[in-house]
There are 2 protein chains.
Amino acid sequence: MVTKQFSGSAEDADLARADSLAREIFSDVANKWALLIIEALGDRTLRFSALRGEVDGISHKMLTQNLRMLERNGLVERTVHPTVPPRVEYTLTGPGRALRATVDAMCAWTHRHLGHIETSRRRFDA
Amino acid sequence: MVTKQFSGSAEDADLARADSLAREIFSDVANKWALLIIEALGDRTLRFSALRGEVDGISHKMLTQNLRMLERNGLVERTVHPTVPPRVEYTLTGPGRALRATVDAMCAWTHRHLGHIETSRRRFDA
DNA sequence: CAGTATCCGAGACGATACTG
DNA sequence: CAGTATCGTCTCGGATACTG
C-alpha cells in the first residue's frame, strides 16, 4: 500500500473532487420538482403530456428543464419515437428507481407526521 | 359505516385539505438547504455558529431562515440559554430524526451512484 | 405533441449594518 | 453570539409564441 506523505496528496484531491461532485448531485436532486417527477413516474413509462398531468401544478418549462437534468444525470431514460406527431416517453433507470425508494420514504414520512406538523405550526404561528 | 352520498362530501374536502398540506410540507422540506441542515445536525445538539460551520457554504441568512421553517414544522427544537452572550442550541425532534433517516438514504444513494452519474453526464454533455 | 426561445415579475440569496 | 432588517443581484419560474 502506498504511504500517505502529507495532506494535499493526490488521494485527498480525489476525495475533495468526489465530495464536490456529490454535493452538486445532491443539489440537483434535492429540489421539489425533481423529486415530484421521480415519484410521479414510479415504475411506469409516461409520455411528456401524461407526466405533466401527473405532477400537479408543474409548468411546461419546469418539466422539460428537470427532465433534461434527470436525463443528464442518468436517472431517467428518454425514448423518442420518430412518428408524427412525435411521441416521447420517459421512464426511470436503475439508479432512478433506487432513488425513488427513498423518495417514497419521504412521502410516507410526510403523511405519517401530518398531524404533528399541523399542530406544531399552529403553536408556532401564535 | 356511513354511506358516501356523492363526491364533494365532507370527507373529500378533508382529503383534499390533507393533500394540499402534504404538498406544502413536502415543498418546505424538499429543498437543498433544509435537507443539508437536517443531515448536518444528525443526533447532535449544535449551536448556531457550529451548525453554520457544518453546513458548507450556507449563509447566515439562509441558515436562520431554514431553521425557523424547520422549527415551525416541529422538526428541530430551539433552546435559548438566557446568558450573555446568548447561547442557542438546535437539535432534531422525533419527527426530525425520522426524516433524517430518509435523508441519510439519499446521501448514501448519491455516493453509491457517483460513478454512474459522472459517466452519464459526460455522455450527455457530448 | 414535444421542444425551444423570449420576456418579465417574484422570490432566493449574499453582503452589510445594526440590536440585545 | 444570535438575530433582524435592508438592499442589490440574480436565478427561478410562469406565460406566451414559435418550430418540426
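Naming: A, B, ... by sequence-line order, numbering from 1 per chain.
A salt bridge is defined here as a Lys NZ or Arg NE, NH1 or NH2 lying under 4.0 Å from an Asp or Glu carboxylate O, and B:Glu89 with B:Arg78 fails to meet this definition. Ionic pairing of A:Asp19 and A:Arg23 is not present here: no N-O contact between side-chain nitrogen and carboxylate oxygen is shorter than 4.0 angstrom.
B:Arg47 comes within 4.0 angstrom of the backbone, heavy atoms only, and of no base. Backbone-only engagement by A:Arg78 is indicated by non-hydrogen atom pairs under 4.0 Å involving sugar-phosphate atoms exclusively.
Atoms CG (A:Leu46) and P (C:dA2) sit 11 Å apart, rounded to a whole Å. One can place CE of B:Met62 at 13 Å from C1' of D:dC10, the figure rounded to the nearest angstrom. C:dC1 atom P lies 14 Å from atom CD of A:Glu89, rounded to whole Å. In this structure, CG of B:Leu63 is placed 11 Å from P of D:dT4, rounded to the nearest angstrom. Note: CG (A:Asn31) to P (D:dG13) measures 7 Å, nearest angstrom. Between B:Phe48 atom CZ and D:dC1 atom C1' there is a gap of 9 Å when expressed in whole angstrom units. The nearest whole Å value for the distance from the CG atom in B:Leu51 to the C1' atom in D:dG3 is 15 Å. Atom CZ in B:Arg87 sits roughly 13 Å away from atom P in D:dG3 (whole-Å rounding).
The CD atom of A:Glu71 sits 6.0 Å away from the CZ atom of A:Arg68 when rounded to the nearest 0.5 Å.
Aromatic ring orientation, B:His113 versus B:His116: perpendicular (interplanar angle above 60°, classes split at 30° and 60°).
With hydrogens and angles left out, the side-chain atoms of B:Asn73 and B:Asp28 include a donor and acceptor closer than 3.5 Å.
In the interface, the side chain of B:His60 is not paired with the base of C:dG14 through any donor and acceptor atom under 3.5 Å apart.
Place A:Gly57 and B:Lys61 on DNA chain D by their nearest nucleotides, and B:Lys61 ends up nearer the 5' end. Mapping B:Asn66 and A:Pro86 onto DNA chain C by nearest heavy atom places A:Pro86 at the nucleotide closer to the 5' end. Take the nearest nucleotide of DNA chain D for A:Arg52 and for A:Pro85: the residue whose nucleotide is more 5' is A:Arg52. When each of B:Trp33 and A:Val88 is assigned the nucleotide of DNA chain C bearing its nearest heavy atom, the one mapping closer to the 5' terminus is A:Val88.
Of the side-chain N and O atoms in B:Tyr90, one or more sit less than 4.0 angstrom from OP1 or OP2 of D:dG3. Applying the 4.0 Å criterion to OP1 and OP2 of D:dA2, one finds that B:Ser49 has a side-chain N or O inside that range.
Pair assignment for C:dA5: D:dT16, on the basis of Watson-Crick or G-U wobble contacts that are both within less than 3.5 Å.
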